[in-house]
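Notes follow the structure.
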Protein chains: 2
Amino acid sequence: MDTTQRTDQQRSADRRRRELLEAADRVVLRDGPQASMNAIAAEAGITKPILYRHFGDKGGLYAALAKRHTDALLDSLRAALDAPADRRERVESTLDTYLAAIEARPQVYRFLMHPAEGSAGGDQGFDVGKHSAPLLRRMGEELAQVIEERVDLGPGSQQLARVWGHGIVGMMHAAGDWWLGERPCSRAELVRSLADLLWGRLAAAGDRMGGPGF
Amino acid sequence: MDTTQRTDQQRSADRRRRELLEAADRVVLRDGPQASMNAIAAEAGITKPILYRHFGDKGGLYAALAKRHTDALLDSLRAALDAPADRRERVESTLDTYLAAIEARPQVYRFLMHPAEGSAGGDQGFDVGKHSAPLLRRMGEELAQVIEERVDLGPGSQQLARVWGHGIVGMMHAAGDWWLGERPCSRAELVRSLADLLWGRLAAAGDRMGGPGF
DNA sequence: AGACTCGGGTTACCGCTAGTAACATCGCAT
DNA sequence: ATGCGATGTTACTAGCGGTAACCCGAGTCT
């Protein structure tokens, strides 16, 4: 029958695809985003053209790889964000989830944030995917949705929620990136500091000297 | 005499260097960060090895190029940040300065945010955290310094200021990047929304439905 | 049986890149 | 004139992403 045959083939293809993705994962984890198609193929025990048959081009492979990790991370973030707790607690928990993830697997994190720009080689012509990390965009959009659903922002709430979504995600990301490099404090302290920022402590603080402020 | 000779040579070398940088600038502005050394050399009317004599490698050239723009942008940001006005006004003005800059020359902005990733072959030694866009780091550090100088944050202020510096810069960056791509609102609205976020409107807003929060 | 397509696989190649070694050339101080 | 150092070029290496061409074993049709 056509269908069974087709499903068989598709199954086998999917299995191969998963195997290749796992091999690619290993190599990217080891070599960073500079991992070459040759190296990935070698790790998978096959040769380049097969990779290209499965993923089209390097961008395709990287996109597939990124989607896996992105989906996984977004799942845990959603869980933290949707927990039955008050807002501050949810915010802190979400921040901590994100930071714990990038702390646990910095290589993955680095790969997700700078996937394109594949160094040298013939990637001239068209940039696959956007230049910016899709993970940030997706997190921003999801957070925007949650904010709009759960926080009462008055008129213009939708637009405001989107700005805030992307802004808060960017804050988390930049602070996390810096923290991961310098480790100037514990994760819990970082989470608290960021939540304090979001909770308006900047606006509430007084000026230091009798400067130009009021 | 040694000194005069040296200064003469150095002057000429500096002039060349500046010419090369301007040529590189033109190419990068036209071709994006994918600009090749060959193309840059051609634009400057010379050949590759000269570029390498002046800048070491591609990373060196890009770093020099980035430093110029980064310095220029930081100067205008500092001006906005140090203006004699109250805090909210300064914050809005700084946000607006940044957003106006990336709006006016998006190519430069894209280049500054994704400069590195070069280096084919040999070097596989890279530390997580160091490779991120230096512009963000510098902005974060500068902002941290200003915050610590001018805002009274009580004990632990230095560390808190640094977290906030990087966090706020990241917020600005991510929101700006998203805004630049989608243009969902005017620049002024974006500035206002972000300032509102920093001013604690998130904490002040009520829950939408009778959800788990109180 | 025998020809025939077809999916998975490999070799060998293209055009491009970053980076370098070796050679040529000009200006200049002794 | 002669050596020297900076400036410049040609010609090359090594490696990349990506592709064309071939190859082979398994199932199918006649």
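All values reported here derive from a predicted model rather than from experimental measurement. Residue numbering restarts at 1 for every chain, and letters A, B, ... go by the order of the sequence lines. What's counted below: heavy atoms across the whole structure, side chains too, no hydrogens, waters or symmetry copies.
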If I take atom [atom1] in residue [X] and atom [atom2] in nucleotide [N], what distance separates them, rounded to the nearest angstrom?
| X | N | atom1 | atom2 | result |
| --- | --- | --- | --- | --- |
| B/Leu20 | D/dG8 | CG | C1' | 12 Å |
| A/Arg16 | C/dG9 | CZ | C1' | 10 Å |
| B/Asp31 | C/dT17 | CG | C1' | 14 Å |
| A/Lys58 | D/dT19 | NZ | C1' | 17 Å |
| A/Tyr62 | D/dC16 | OH | P | 11 Å |
| A/Arg15 | C/dG7 | CZ | C1' | 15 Å |
| B/Arg17 | D/dT7 | CZ | C1' | 17 Å |
| B/Asn38 | C/dT20 | CG | P | 15 Å |

Working for ring pair (Phe, Tyr, Trp, His ring centres under 6.0 Å), residues A/Tyr62 and A/Phe55: CA-CA 9 Å; A/Tyr62 275 38; A/Phe55 301 102; over 10 Å; no

N/O donor-acceptor pair under 3.5 Å between A/Asp57 side chain and A/Gly60 backbone: yes

Residues that B/Val163 engages under side-chain contact (heavy atoms from CB on, under 4.5 Å), provided they are two or more places apart: A/Trp178, A/Leu190, A/Ser193, A/Leu194

Member of B/His166, B/Glu141, B/Met113, B/Met172 meeting the side chain to side chain contact (heavy atoms under 4.5 Å, CB included) criterion with B/Leu136: B/Met113

Close approaches to DNA chain D from residues 43-55 of chain B, in residue order (heavy atom, under 4.0 Å): B/Ile46, B/Thr47, B/Pro49, B/Ile50, B/Arg53

Residues 42-49 of chain B, side-chain donor-acceptor partners within the protein, below 3.5 Å, at least two apart:
unit_1: B/Glu43; atom_1: OE1; unit_2: B/Arg30; atom_2: NH2; d: 3.2
unit_1: B/Glu43; atom_1: OE2; unit_2: B/Arg26; atom_2: NH1; d: 2.4

Ring-face cation contact, B/Trp179 with B/Arg183, 6.0 Å cut, 45° max: yes

